[in-house]
2 protein chains.
Amino acid sequence: MPSTPPASPPRRRAPRNSLNPDRILDAALTLLDRDGAEAFTMRGLAQQLGVGTMAVYSHFRGKDEISDAVAQRLLDTIELPREGSGDPRGELREVCLGVYRLFTEHPSALELLAGRPLRGDDAIALIDRMLALLVRAGLGPQDAAHAHIALMQYTVGSALWNTRRARTLCQDGARDRVLAKIAALDAGAYPALVSLAPDLLCARNEGTGQFEYGLDGLLRGLLGAAPQV
Amino acid sequence: MPSTPPASPPRRRAPRNSLNPDRILDAALTLLDRDGAEAFTMRGLAQQLGVGTMAVYSHFRGKDEISDAVAQRLLDTIELPREGSGDPRGELREVCLGVYRLFTEHPSALELLAGRPLRGDDAIALIDRMLALLVRAGLGPQDAAHAHIALMQYTVGSALWNTRRARTLCQDGARDRVLAKIAALDAGAYPALVSLAPDLLCARNEGTGQFEYGLDGLLRGLLGAAPQV
DNA sequence: ACCTGAACACCGTTCAAGT
DNA sequence: ACCTGAACACCGTTCAAGT
């Protein structure tokens, strides 16, 4: 059938002001969450918007600027617990959980934020809040600074760990291959691993339980001995 | 000068067996460490080897297989402390420091390993060792599993944090821009951050000091109260 | 068997041109 | 001003061909 038109007919020219930074960022976040940062392309973004590839460049300098803007917007969505007069440890827990949730709900945020300096007001507010809580918990300036960084590192590391694990385990048959590998382990050579394998697998599937286990341990170790459930 | 030959004359055909997997992985690691995972390309690798782009494909299926092999080789270089009968906490510290050092000395290793399941024997040995130490420290099976994952997450997060920070701070003027940003902060709006800014900057430049601070805190919190220097 | 260049289907981005 | 396609310099990889 020689005269068949192409399957997707050439898009009509987009009306004059149909595009704007907000619409672009919405589409970018949708694609980022759906396909991951690695698969995020300018061409795909334009297609999602129903627009020529270069149209986006009228609103953003390029891909990096879009990634930055998406990251910034995500940071702004972190909910800080309302200023409480209660124990600072509980509030610190909430703040870290908020950051963790952001990163696990938007896995691409990790890749977007990991490399860039935090320069949004909300990120600043978050850091200030954590530091104030650490001081209120009784830490001196240097301890508070160290503790703040340690908490952020643990939180980011946990989120990264989980999202990467999730991605590799979602592939077809990956789960079975892991189980087979474990079953094949030599119990003589790796006794601890073999006997704890069920617990390891179980710990992984716990959602935020694993994160909270380490977070509570870290807070306990950093803030002092108060047992607190 | 119309007859000038091209600056780099076409490479002679490479002798028959000059290439082998080891030479390829050596070159790959060199490039990865020098330019980062993002800048690592098959074409660049072939050029580094003085060989046509496609020559590498005779020894590896593709880029992913090379990345996997490099990651595996790096993992194998982690030195486990010799089996000690002493306190498990000190040994756990050493193991985590070893992993941390690997990741900070080879920043690309993080990107290579973060997404892939650990399937080398040395990685297995490392996990087994950590679990055994945690059990020896008195943790039950589930606690040991949780603690092991938390320690890995913290270690990976710290290394990621540092290498990314280092990369962005190495760019020209980035350091000054950060300082200017801090100086411009409103002390009324962000009192804790402003007063602790010097401590934060200082904590960052400490090398492994910051990492050890959090690691000791985490070990203290996970293993129990024994104070230990 | 090992190494080669040309070619394909991608990518981000520059550019000159349309409206 | 905003949107467009063609073109450029990249990328990983397939392929048929050289040695």
Side-chain angles (χ1 to χ4, degrees), chain A residues 5-29 31-32 34-71 108 111-112 115-116, chain B residues 5-29 31-32 34-71 108 111-112 115-116:
Chain A
S8 56
R11 184 177 29 75
R12 307 198 155 286
R13 176 174 260 267
R16 196 87 176 151
N17 283 325
S18 54
L19 217 52
N20 60 60
D22 261 341
R23 234 167 68 71
I24 292 176
L25 292 182
D26 284 343
L29 183 55
L31 290 180
L32 248 2
R34 204 190 54 188
D35 305 326
E38 184 142 345
F40 176 59
T41 70
M42 293 298 278
R43 287 168 150 98
L45 175 58
Q47 197 175 11
Q48 170 84 4
L49 288 161
V51 104
T53 307
M54 296 314 299
V56 182
Y57 284 81
S58 300
H59 302 268
F60 291 94
R61 229 192 268 289
K63 196 187 184 187
D64 279 352
E65 199 172 283
I66 296 178
S67 300
D68 275 348
V70 172
S108 51
E111 273 132 303
L112 296 181
R116 309 165 198 280
Chain B
S8 55
R11 184 176 31 73
R12 307 196 156 287
R13 177 174 258 267
R16 197 90 175 149
N17 283 325
S18 54
L19 217 53
N20 60 61
D22 261 340
R23 234 166 68 71
I24 292 176
L25 292 183
D26 284 342
L29 182 55
L31 290 180
L32 247 2
R34 204 189 55 187
D35 305 326
E38 184 140 346
F40 176 60
T41 69
M42 293 299 277
R43 287 168 150 97
L45 175 59
Q47 197 174 10
Q48 171 82 5
L49 288 161
V51 105
T53 306
M54 296 314 299
V56 181
Y57 284 81
S58 299
H59 302 267
F60 290 95
R61 230 192 267 287
K63 196 186 183 186
D64 279 352
E65 199 171 284
I66 295 178
S67 300
D68 275 349
V70 171
S108 51
E111 274 131 302
L112 296 181
R116 310 165 196 280

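Per chain, numbering begins at 1; letters A, B, ... match sequence-line order.
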Checklist entry - Pairing of DNA chain D as dot-bracket, 5' to 3': ( ) intra-strand, [ ] crossing, | other strand, . unpaired, with Watson-Crick or G-U pairs under 3.5 Å? => result ||.|||||...|||||.||
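Taking 4.0 angstrom as the limit, Tyr57(A) places a side-chain polar atom (N or O) nearer than this to OP1 or OP2 of dT13(C). In this structure, His59(A) does not reach the dA1(D) phosphate: none of its side-chain N or O atoms is under 4.0 Å from OP1 or OP2.
Following rounding to the nearest Å, Phe60(A) (CZ) and dC3(D) (P) show an atom-to-atom distance of 12 Å. Per the geometry, NZ belonging to Lys63(A) stands 9 Å off P belonging to dC11(C), to the nearest Å. Rounded to a whole Å, the CZ atom of Arg61(A) is 18 Å from the P atom of dG12(C). Between the CG atom of Asp64(B) and the P atom of dC11(D) there is a distance of 16 Å, rounded to whole Å.
Residue pairs meeting the salt bridge (charged side-chain N to carboxylate O under 4.0 Å, His left out) criterion with at least one member in residues 51-61 of chain B, sequence neighbours excluded: Arg61(B)-Glu65(B).
Across residues 17-28 of chain A, not one residue has a non-hydrogen atom less than 4.0 Å from an atom of DNA chain C. A heavy-atom distance below 4.0 Å to DNA chain C is reached by these residues of residues 39-56 of chain A, ordered by number: Phe40(A), Thr41(A), Met42(A), Arg43(A), Thr53(A), Met54(A).
Residue-to-nucleotide contacts include no donor-acceptor pair under 3.5 Å from the side chain of Arg13(B) to the base of dT19(D).
If you take CG on Asp35(B) and OG on Ser108(B), they are separated by 10.0 Å, rounding to the nearest 0.5 Å. Here the CG-OG distance, from Leu32(A) to Ser67(A), works out to 6.5 Å after rounding to the nearest 0.5 Å.
Between Tyr57(A) and Gly62(A), the shortest heavy-atom distance links the atoms CE2-CA, 4.0 Å.
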Would you mind writing out the side-chain donor-acceptor pairs for residues 15-28 of chain B within the sub-3.5 Å range, not counting sequence neighbours?
{"unit_1": "Ser18(B)", "atom_1": "OG", "unit_2": "Pro15(B)", "atom_2": "O", "d": "3.0"}
{"unit_1": "Asn20(B)", "atom_1": "OD1", "unit_2": "Asp22(B)", "atom_2": "N", "d": "3.0"}
{"unit_1": "Asn20(B)", "atom_1": "OD1", "unit_2": "Arg23(B)", "atom_2": "N", "d": "2.8"}
{"unit_1": "Asp22(B)", "atom_1": "OD1", "unit_2": "Arg73(B)", "atom_2": "NH2", "d": "2.8"}
{"unit_1": "Arg23(B)", "atom_1": "NE", "unit_2": "Ser18(B)", "atom_2": "O", "d": "2.8"}
{"unit_1": "Asp26(B)", "atom_1": "OD1", "unit_2": "Arg73(B)", "atom_2": "NH1", "d": "2.6"}

Sequence neighbours left out, cut at 3.5 Å: what donor-acceptor pairs do the side chains of residues 40-55 of chain B make with other protein atoms?
{"unit_1": "Thr41(B)", "atom_1": "OG1", "unit_2": "Gly44(B)", "atom_2": "N", "d": "2.9"}

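Checking Arg16(B) against Gly62(B), the closest nucleotide of DNA chain D that is more toward the 5' end is the one next to Gly62(B).
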